[in-house]
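Here is the structure we will look at.
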Amino acid sequence: MLTTATNRALALPEIVFEILACLEAQAELCPQQVQASLRACSLVSRTWFFDANVFLYRNPYIRNGRGSESKVNALVHTLTTTNRGLYVRSLSRCKLELWEMFPSLDKLFDPCPRLSSISLCFRSGEKGHLMEPFETEAFRTLDPTIAQGMAHIQELDLTSVSINSVDKDDTTYADAALNCISACTRLHKLTTTRADWSNIRTISKHLTDLSISFLAPPDLKTSVALAPSLVNLTSLHLHHAPQAIPAHDFSRVLAQYCRSLTKLDICPESITTYSLESLVLHNPGLVSIYLRNCPDIYTAAVLKHPPQNLEFFDMGTVESQLILMALALCPKLTSTGKSAPRNNNTVEFWQSFLEKARQIQELHVERWSDFHSKDLFFNTVLPKLGPQLVRIWFGWRDLLGCDELEQVLTSCDRLQVLRAPVKGNGQNLVRCFKKVECRSRLREVRLFGDNVKFCDDDKRRMQRFLPVLCSFST
């Protein structure tokens, strides 16, 4: 009777929809696994087929690699097949790490009027070069269907579009891909490694998330004209390409206009300490600050006007007292990222750190030397911080044995995310997780290391006694 009731319940569209929605919610963590699971769900029954196809075509993810060209061709074929039109019309996000998709955008937009997020990236070589030439005529003008579709795009990712003066195909593709920005009149998020400033000014009305790796930053005159259009930014990532001109003029002008930032990610080539201090002062709502390879004076500039809602602050390797100062001045700080003391890395420092780190929920362990010694981490830091940690990341330099992994798991009762380099066979590592099955809250586990192999039985056992685990990779 129980089996019959279960089968009857799993045939109800309302229940099937909720199951598939929970599965799709994990797409950000493991997109390929979710796509495979949705494909399997579509083969269960007629009810599951109709609901699973809606989710399957809502957010396709095709990674560049072996067989990727055939997968793109299959996707385009599916989009243009009439009997699948009902499903693909629900497509709202499309991440394709392939430049080959760009000339076929008309085939993507025509059957998918709800498309709001698209990634036009490529990863086709170690140096970012295109491996094959393409017909540039396809990029000269935008097809009306493409222009109409791009007008509905809210998130555009051109991350991997790089520029190399020697490779003409590379440059031509970047220029052509950026031409589509002018048609994105509703764009909220733009990620690119090159900026066409005239186009960005025309679409900046709704822009709230801007991420640029500068190759040719705007001059002072262009910055003054552009900055007032970026007052609605809530997330700002200013990076710097190798051998590029510093973007200090742009960031200095931008600091005078931005008042709504919550996330800030910068490097010293993109901003000066004076501009950073002004930016932090005018944006008290900041919750995340990432300083990439910045000298100590940048951390000091932030702490002159510490945001009271700051939750994440990665200072890098800095003077030890700056870390303690950040913990004292930012009452909601839950993570210091990969921050590590440059000097005074002693037992006394870590005792002071533990006294002030009552709100820390995330810990990055890049190397044991950052914690004075391995013994100090396992005997002092972990027992004190473990009960409050939700996420913990270990660097790749030092492998964890089974005993050490077990100590981490037993010390961290609230742990939800674990990424660690390990040594040992799959069966022994599974036993470590078995000991915490009754109280485990782990949702994401990533184990890596030399010669670490998990067979399918090991993975199935992990998923069986870790009830909320949704992502496991090795």
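As the structure is a computational prediction, the values presented were derived from the model and not from experiment.
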Is it true that the side chains of [X] and [Y] contain a donor and an acceptor less than 3.5 Å apart?
| X | Y | result |
| --- | --- | --- |
| T299 | D296 | no |
| H237 | S235 | yes |
| S278 | S275 | no |
| N345 | W350 | yes |

Do [X] and [Y] make a side-chain contact, defined as non-hydrogen atoms from C-beta onward lying under 4.5 Å apart?
| X | Y | answer |
| --- | --- | --- |
| Y298 | I271 | yes |
| L327 | L333 | yes |
| N283 | V280 | no |
| L310 | L329 | no |
| F394 | L399 | no |

From [X] atom [atom1] to [Y] atom [atom2], the distance as rounded to the nearest 0.5 Å:
| X | Y | atom1 | atom2 | answer |
| --- | --- | --- | --- | --- |
| H239 | I266 | NE2 | CD1 | 9.0 Å |
| L389 | E362 | CG | CD | 9.5 Å |
| W393 | L363 | CH2 | CG | 10.0 Å |
| Q361 | T334 | CD | OG1 | 5.5 Å |
| L279 | L254 | CG | CG | 6.5 Å |

For this session: Carefully, step by step, assess R342 and E319 under the rule salt bridge (Lys or Arg N to Asp or Glu O under 4.0 Å).
Result: CA-CA 5 Å; R342 181 186 300 108; E319 204 275 327; over 6 Å; no
Return yes if some donor-acceptor pair links the side-chain N/O of [X] with the main-chain N/O of [Y] below 3.5 Å, else return no.
| X | Y | value |
| --- | --- | --- |
| N343 | S320 | yes |
| Q388 | A357 | yes |
| S411 | V408 | no |
| T380 | F377 | no |

For this session: Report, as yes or no, whether the 6.0 Å neighbourhood of atom CG on N309 holds more than 12 heavy atoms from other residues, nucleotides or ligands.
Result: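 More than 12 heavy atoms, drawn from other residues, nucleotides or ligands, come within 6.0 Å of this atom.
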Exercise. Salt bridge or not for E406 and R431, using N-O below 4.0 Å?
Worked result: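 No, this pair does not count.
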Problem set entry | Electrostatic pair E311-K332, nearest N-O below 4.0 angstrom | no
Problem set entry | Distance under 6.0 Å and angle within 45° of ring axis: R292 vs Y290 |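 Positive - R292 is close enough to the ring of Y290 and near enough to its axis.
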